[in-house]
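Working notes for the structure below.
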Amino acid sequence: MEKLAVEAVVRLGVIVGGLALMALVGGCSSHAETPTWNGASASASPAPKPVSADKAPVFAEPFQYSYTLTRGCDAKAPLGRYNVVVKSGDVESAKRLGSSTVASPSANVDLGPAAGQDGEEIDVPTLAELMTMARTAIDDGAAVKSTYDAVNGHPISVVIKADDSKECFAVSDYDVWNS
């Protein structure tokens with residue numbers, strides 16, 4: 001049983017690391033259109049009504065959209081918040097908001113893509129990748145609780161609990177771009 005628990009934690013680490021790598025590669029691209037983040041646009045979706053997976057419509061990832069991803073299980077002190085733009089199924093840009101945790105140069109921490117609370121940076125997933133991450137975690141034996149938008153099926157929150165570790169993601173400000 002202990003071996004299965006260790007395997008589940010390792011698999012979750014591989015998933016998060018893979019997402020970090022994808023975000024790093026996706027974040028290195030450049031584009032002419034850069035959104036401004038000074039509030040929701042007039043075309044932004046109204047506040048979503050959360051429903052469970054069995055009541056949500058199937059999510060069809062739009063060609064281009066934006067959203068805000070909050071990572072962390074403490075809503076008052078999240079590990080990170082990111083404004084994300086997705087185009088053609090790839091993260092076009094992910095900008096960190098209000099970096100509340102800054103690693104000191106002398107801190108004895110790994111400042112790689114998934115560095116923990118000191119210097120926290122992750123590879124931000126598309127919404128489809130976030131849903132895939134939840135399904136993979138379930139397949140690996142983790143407990144997953146997700147809610148989805150009742151209108152279009154995009155994820156609103158995903159909580160993954162594997163043994164004694166817990167990852168929480170919240171999605172807000174979802175906006176489909178019509179251009």
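- Under the 4.5 Å side-chain heavy-atom criterion for ILVMFWY residues, a single connected hydrophobic cluster contains both M133 and F59.
- The two atoms that bring P57 and A150 nearest to each other are CD-O, 3.4 Å, heavy atoms only.
- The shortest side-chain heavy-atom distance between L127 and V86 does not fall under the 4.5 Å cut-off.
- Ring-plane geometry between Y174 and Y65 is classed as tilted, the angle between the planes lying from 30 to 60 degrees on a 0 to 90 degree scale.
- Once rounded to the nearest 0.5 Å, the distance linking CD of E61 with NE2 of H154 reads 12.0 Å.
- In this structure, the side chains of K145 and K161 stay at 4.5 Å or more apart for every pair of heavy atoms.
- Rounded to the nearest 0.5 angstrom, I160 CD1 and L130 CG are separated by 7.0 Å.
- Considering only residues two or more places apart in sequence or on other chains, S52 meets the side chain to side chain donor-acceptor pair (under 3.5 Å) condition with D54.
- Atom CG of D90 sits about 7.5 Å away from atom CD of E129, to the nearest 0.5 Å.
- Follow the hydrophobic side-chain contacts under 4.5 Å out from V124 and you never reach V159; the two are in separate clusters.
- For D74, the side chain to side chain donor-acceptor pair (under 3.5 Å) test picks out no residue, with sequence neighbours left out.
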Worked check of side chain to side chain contact (heavy atoms under 4.5 Å, CB included) between V171 and L69
CA-CA 5 Å; V171 174; L69 178 72; 4.3 Å; yes
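- Interatomic distance, CD1 of I156 versus OH of Y148, reported as 10.0 Å (0.5 Å rounding).
- A donor-acceptor pair under 3.5 Å links the side-chain atoms of D149 to the main chain of V151, judged by distance alone.
- Checked against side chain to side chain donor-acceptor pair (under 3.5 Å), T147 has the following partners two or more places apart in sequence or in another chain: S157.
- Between the OG1 atom in T126 and the OH atom in Y67 there is a gap of 6.5 Å [rounded to 0.5 Å].
- At a threshold of 4.5 Å between non-hydrogen side-chain atoms, the residues K95 and Y82 do not count as touching.
- Within the 3.5 Å criterion, the main-chain N or O of P78 finds no donor-acceptor partner in the side chain of K76.
- Expressed to the nearest 0.5 Å, how far NZ of K87 lies from OG of S93 amounts to 11.0 Å.
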